[in-house]
Amino acid sequence: MAEAGLPTNREVADRLQLIGDLLEIEGAVRHRVLAYRRAAARVRATPTSVAAMALEGRATDLPDIGATLQAKIRELAETGDIAALAALRERVPEGLAAIARLDGIGPKRALALWRELGVAGPEALAEAVAAGRVRDVPGFGPATEAALAAQLARRAERPEPDEGRMPLGRALDLAEEVAAGLRAAAPGARVAVAGSVRRGRETVGDIDVVAAADDPAALLDAAAALPATERVLSRGEARIAVMTHAGVRVEVAAGRPAAFGNLLQHATGSAAHNVRLRELAVRRGLSVSEHGIAGPDGAVATHAEEEGVYAALGLPLIPPELREDQGELELALAGDLPRLVQPSDLRGELHAHTDWSDGTESIPVMVEAARARGYEYLAISDHSRSLAMAGGLDRDRVLRQWEAIERENARRDDIVVLRATEVDVLADGALDFPDDLLAGFDWVTASVHSGFSQPPERLTARLVAAAESPFVDAIGHPTGRMMGRRDHAPVDLEAVIAAAARAGTCLEVNAQPRRLDLDSAMARRALAGGARLVIGADAHSGAALDLVRLGVLVARRAGARAEDVANTRPWDELREGRATRLAAAGA
DNA sequence: GCCGTTTTCGGCCCGACTGTTTTCAGTCG
């Protein structure tokens, strides 16, 4: 938890980032700029207060934070500002950093705009573009000016910073569509989704696909000719970028089969991971690129599989979900990479709805869908009475549903159907069912669906109370975020994690495409805090059981192993766990 | 500014593509 008055990690990171951006515009040594950026990324990815660490002199324990940056962070914590940044702002207008972030513009051209036109921010740039003055600046021309005009107009329409990023679920579908189109157009080609989609990032900016065949150019032609392609943005011998009719940028990189592993590794990223990997290679006298690995004698070795790329550097294959430069190379070097949970580890689904509440299919249909996916158990977890909008069940209907579940269990022995509920956590922290009813369920997920505007302390208290209830097995979608609608509620997640860890309550990684809640960073904190996860599809139809794959990606990004996830366990084990907790509470 | 199988100085990933040049700088991933 952040301590009162201290700058948050995001605030610290934003300042370091800004210093780096302005230094770059000023023309500072490139690696000094990189050092600030790396430090900013490190601070953002750190789960505990870096400002507090700096005050204690421990921030230098973090990679990428040295004595100089620790002093600056401490200065920020103590005085609210950094003198070096204030001085830098005197020399370089802060607005140039925003200009430098525009597509096609970087530090050099931002500086040129300021020097030549006196443009010091995006608004002034828009005026200069409108007046046709930009095309005459050295290094610029009519094409760049037109591109800027279009970009600034879009920006004025939708000023949100996250504009253009889409939920992972949508990106996965689009990426697989593109990949399928390439396979169809070029039979025999190897095609794979790469980039942030493959890494399982919860939101995706653009889609990367790699393809290999003896005639790489034909693959690029195929990409240009896909039905989804609206226009070609750029095209070379090795890569093509297209805009789709859906307004999503797709990049296809093509190469030869012998170097497919090199290309896939390169295009999967992340950029920061690749930089680290290549630095490690340089220390071993090797040079890594998408074409292969060059030795000291200049001979280039190619690798058809990604395993070979990592093996050539003395490393085990690092799962794509971990390739974010957050310590994965150190783990790999030490042989300590976790064996991450995978879809085949899941034995059951503990969060599913039927037409008894807001699901679209009957209990038998849902059960058959779960069986068809090889599950050993399925929890029928319809909503509770207060969620009237979703057809929440009252006591009478719960009892009748239990009879229906009993009938289902009686007529089949290939899957266990569980009496479950997604019970509302009410505004005062109480659960929507009385204890005697809750005691009769096999599995209870408690979720907040309303009252998100409560003060953070009250919201936190509700979740903590739910997590501490002996009747509750899991907290559903703990922060309530809905991408594009509602951000994570400002709950004190550490307090919720601590309560869940104490009580043995699971925290859900909800796999609904717009939820993905907990997100991967939060799930990582939950595991560090000793809490167990459960991956829930929150399925409202049989087909929606497959959404669980999104949750698996999120859990993998959090570093979760199978044993960290409740629904990788056999039902008997989960049942005993619930019985033990209830007995310990005297319930 | 950071950091060490080149360890307290001298390094710091690598290549593709575009637009503006007239041989390449800047940007991007």
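In what follows, chains carry the letters A, B, and so on, assigned in the order in which the sequence lines appear, proteins first and then strands, with residues in each chain numbered from 1.
A/Val33 comes within 4.0 angstrom of nothing in the nucleic acid, heavy atoms only. Counting non-hydrogen atoms under 4.0 angstrom, A/Ile65 reaches the backbone sugars and phosphates but no base.
If you measure from atom CG of A/Leu280 to atom C1' of B/dC3, you get 14 Å, rounded to the nearest angstrom. Taking atom CG of A/Leu220 as the reference point, atom C1' of B/dA16 lies 12 Å away to the nearest angstrom. At whole-Å resolution of the value, CZ in A/Arg38 and P in B/dG1 are 15 Å apart. Here B/dG1 presents its P atom at 18 Å from CG of A/Leu62, a figure rounded to the nearest Å. Here the P atom of nucleotide B/dC14 and the CG atom of A/Leu286 are 10 Å apart, to the nearest Å. If you measure from atom CD of A/Glu237 to atom P of B/dT18, you get 11 Å, rounded to the nearest angstrom. Between the P atom of B/dC13 and the CD atom of A/Gln265 lies a distance of 15 Å, rounded to the nearest Å. Rounded to an integer number of Å, the gap from CZ of A/Arg32 to P of B/dC3 is 16 Å.
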Which nucleotides of nucleotides 19-29 of chain B have their base under 4.0 Å from a protein heavy atom (B), which only their sugar-phosphate (S), and which neither (-), written as one string 5' to 3'?
-> SSS----SSSB
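A salt bridge does not link A/Arg199 to A/Asp325: none of the charged side-chain nitrogens sits closer than 4.0 Å to a carboxylate oxygen.
Searching all strands for a Watson-Crick or G-U wobble partner of B/dC9 with both distances below 3.5 Å returns B/dG4.
Under 3.5 Å, the side chains of A/Asp517 and A/Thr479 contain a donor-acceptor pair of N or O atoms. In this structure, a donor-acceptor pair under 3.5 Å is present between the side chains of A/Arg165 and A/Thr203. Side chains of A/Tyr36 and A/Glu24: no donor on one and acceptor on the other come within 3.5 Å. Under 3.5 Å, the side chains of A/His273 and A/Glu328 contain a donor-acceptor pair of N or O atoms. A donor-acceptor pair shorter than 3.5 Å can be found between the side chains of A/Arg278 and A/His266.
Just one of A/His291, A/His303, A/Glu290 meets the side-chain hydrogen bond (donor to acceptor under 3.5 Å, both in side chains) condition when paired with A/Asn262; it is A/His303.
Applying the salt bridge (charged side-chain N to carboxylate O under 4.0 Å, His left out) test to pairs two or more places apart or on separate chains, those with a residue in residues 68-82 of chain A are A/Arg15-A/Asp81. Counting only residues at least two apart or in different chains, side-chain hydrogen bond (donor to acceptor under 3.5 Å, both in side chains) contacts with residues 204-228 of chain A comprise A/Asp206-A/Arg249, A/Asp221-A/Arg235. Every pair passing salt bridge (charged side-chain N to carboxylate O under 4.0 Å, His left out) that includes a residue from residues 297-319 of chain A is listed here, sequence neighbours excluded: A/Arg190-A/Glu305, A/Arg198-A/Glu306, A/Glu306-A/Arg323.
For the pair A/Leu264/A/Val309, no side-chain contact is recorded, criterion being any heavy-atom separation below 4.5 Å from C-beta on.
Both A/Leu69 and A/Ser287 lie near DNA chain B, and the one whose nearest nucleotide falls closer to the 5' end is A/Leu69. For the pair A/Gln70 and A/Arg235, both in contact range of DNA chain B, the more 5′-proximal nearest nucleotide belongs to A/Gln70.
B/dC14 and B/dT20: their C1' atoms are spaced 23 Å apart (whole Å). On the P atoms, B/dT22 is 24 Å away from B/dC17, given to the nearest whole Å. Rounded to the nearest Å, the gap between the P atom of B/dT6 and that of B/dG11 is 14 Å. Atom name P, nucleotides B/dC3 and B/dT8: the rounded distance is 15 Å, in whole Å. On the P atoms, B/dC13 is 15 Å away from B/dT5, given to the nearest whole Å. Here the separation of B/dA25 from B/dG10, taken at their P atoms, is 27 Å to the nearest Å. Rounded to a whole angstrom, the distance from the C1' atom of B/dC12 to that of B/dT23 is 28 Å.
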Could I get a table of every N or O pair under 3.5 Å where one atom is in the protein and the other is in nucleotides 4-7 of chain B?
from: B/dT6; atom 1: OP1; to: A/Arg283; atom 2: O; distance (Å): 3.0

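Under the 3.5 Å distance criterion, the side-chain polar atoms of A/Asp345 are matched with a main-chain donor or acceptor of A/Gln342.
Between A/Ser234 and B/dA16 there is no side-chain polar atom (N or O) within less than 4.0 angstrom of OP1 or OP2.
Near DNA chain B, defined here as any heavy-atom distance below 4.0 Å, there are no residues from residues 304-337 of chain A.
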Quick one: do A/Leu550 and A/Gln512 satisfy side-chain contact (heavy atoms from CB on, under 4.5 Å)? Show the steps, please.
-> CA-CA 8 Å; A/Leu550 300 176; A/Gln512 281 290 310; over 6 Å; no
